[in-house]
Amino acid sequence: MLELRLVQGSLLKKVLESVKDLVNDANFDCSATGFSLQAMDSSHVALVALLLRSEGFEHYRCDRNLSMGMNLNNMAKMLKCAGNDDIVTIKADDGGDTVTFMFESPTQDKIADFEMKLMDIDSEHLGIPEAEFQAIVRMPSAEFARICKDLSSIGDTVVISVTKEGVKFSTRGDIGTANIVCRQNTTVDKPEDATVIEMQEPVSLTFALRYMNSFTKATPLSNQVTISLSSELPVVVEYKVAEMGYIRFYLAPKLEE
Amino acid sequence: PCLQKKILGYFNED
């Protein structure tokens with residue numbers, strides 16, 4: 001038996017909106033730790049890892065570890081039917097082939113339940129080791145989204161370079177080139193407007209903008225995004241999900257042949 | 001020309 005009650009149901013709506021275009025089908029894993037998902041896109045170039053810790057739920061009952069295969073587009077369709085202020089409860093029976101999403105309006109005057117068929121998904125679960133990064137950039141998520149959108153109108157790839165001058169996003173295409181430099185800025189009124197660059201050593205990596213733009217669909221989840229770079233590793237683009245967890249996107253770089 | 005690496009080249013299956 002599984003029963004997870006999330007008062008801030010809009011978080012789950014936003015999570016689904018941010019992953020449904022990247023991944024078609026995925027297993028949601030439920031354990032004492034929390035509600036999690038790990039899945040790769042169909043080209044195996046990007047990976048998404050979501051964790052919503054059990055403490056973040058108002059009520060969290062998970063009698064035994066459960067893996068539920070879901071079509072993310074269908075799940076997003078159902079969650080779109082929840083109001084932004086609704087409380088969302090996810091319910092499933094052990095060994096059952098459906099999951100139920102229950103939506104309660106804040107005043108309890110409307111209660112809806114949507115039952116969705118589960119599916120068997122044969123997915124590979126990857127071990128992601130804790131890593132030291134050469135550079136970690138924390139910046140306003142809306143700024144990062146704007147940069148990715150702007151650059152994708154010029155080119156297909158972005159070179160992200162971190163030096164002591166700041167972080168530079170560059171692209172080139174048929175019509176020309178573009179460079180956007182963001183410098184560290186911690187003298188801001190609101191902490192969410194800060195740009196913080198922690199650099200161990202300079203790093204420069206190339207990525208497909210199509211994926212970066214897809215990751216920025218998570219922008220409504222968090223005012224800040226963290227971009228962790230190392231020449232030996234995929235970039236990690238992380239958005240915090242309120243106080244309860246994170247959604248991390250991993251993207252393998254493009255290398256010169 | 002750039003070669004797009006795959007995630008599986010970095011992380012192993014559990």
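In the text below, chain A, chain B and the rest are named by the order of the sequence lines, each starting its count at 1. Since the structure is predicted, the reported quantities are computational estimates derived from the model, not experimental observations.
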What do the steps show when you test B/Asn12 against A/Leu126 for side chain to side chain contact (heavy atoms under 4.5 Å, CB included), and what is the final call?
CA-CA 5 Å; B/Asn12 296 322; A/Leu126 303 181; over 6 Å; no
Would you confirm whether A/Glu124, through its side chain, and B/Leu8, through its main-chain N or O, come within 3.5 Å as a donor-acceptor pair? no
- [ ] Give a yes or no on this: more than 12 heavy atoms of other residues, nucleotides or ligands lie within 6.0 Å of atom CG of A/Asp63.
- [x] yes
Between A/Leu255 and B/Lys5, does a side chain to side chain contact (heavy atoms under 4.5 Å, CB included) hold up when you go through it step by step? CA-CA 7 Å; A/Leu255 299 181; B/Lys5 299 285 284 179; 3.6 Å; yes
Report yes if some heavy atom in the side chain of B/Tyr10 is under 4.5 Å from a heavy atom in the side chain of A/Pro253; otherwise report no.
yes
Expected contact set for residues 230-238 of chain A against chain B at heavy-atom separation under 4.5 Å reads A/Glu232, A/Leu233, A/Pro234
Turns out that what part of B/Phe11 lies under 4.5 Å from chain A's heavy atoms comes down to both
Please set out all donor-acceptor pairs under 3.5 angstrom arising from side-chain atoms of residues 42-50 of chain A, sequence neighbours excluded.
| from | atom 1 | to | atom 2 | distance (Å) |
| --- | --- | --- | --- | --- |
| A/Ser43 | OG | A/Asp41 | OD2 | 3.2 |
| A/Ser43 | OG | A/Tyr211 | OH | 3.3 |

Residues A/Ala252 and B/Lys6: closest non-hydrogen pair is CB-C, 3.9 Å
Less than 3.5 Å apart, which donor and acceptor atoms pair up between the side chains of residues 144-151 of chain A and the rest of the protein, not counting sequence neighbours?
| from | atom 1 | to | atom 2 | distance (Å) |
| --- | --- | --- | --- | --- |
| A/Arg146 | NE | A/Asp150 | OD1 | 3.2 |
| A/Arg146 | NE | A/Asp150 | OD2 | 2.8 |

Residues 197-209 of chain A vs side chain to side chain donor-acceptor pair (under 3.5 Å), sequence neighbours excluded, gives A/Ser161-A/Ser204
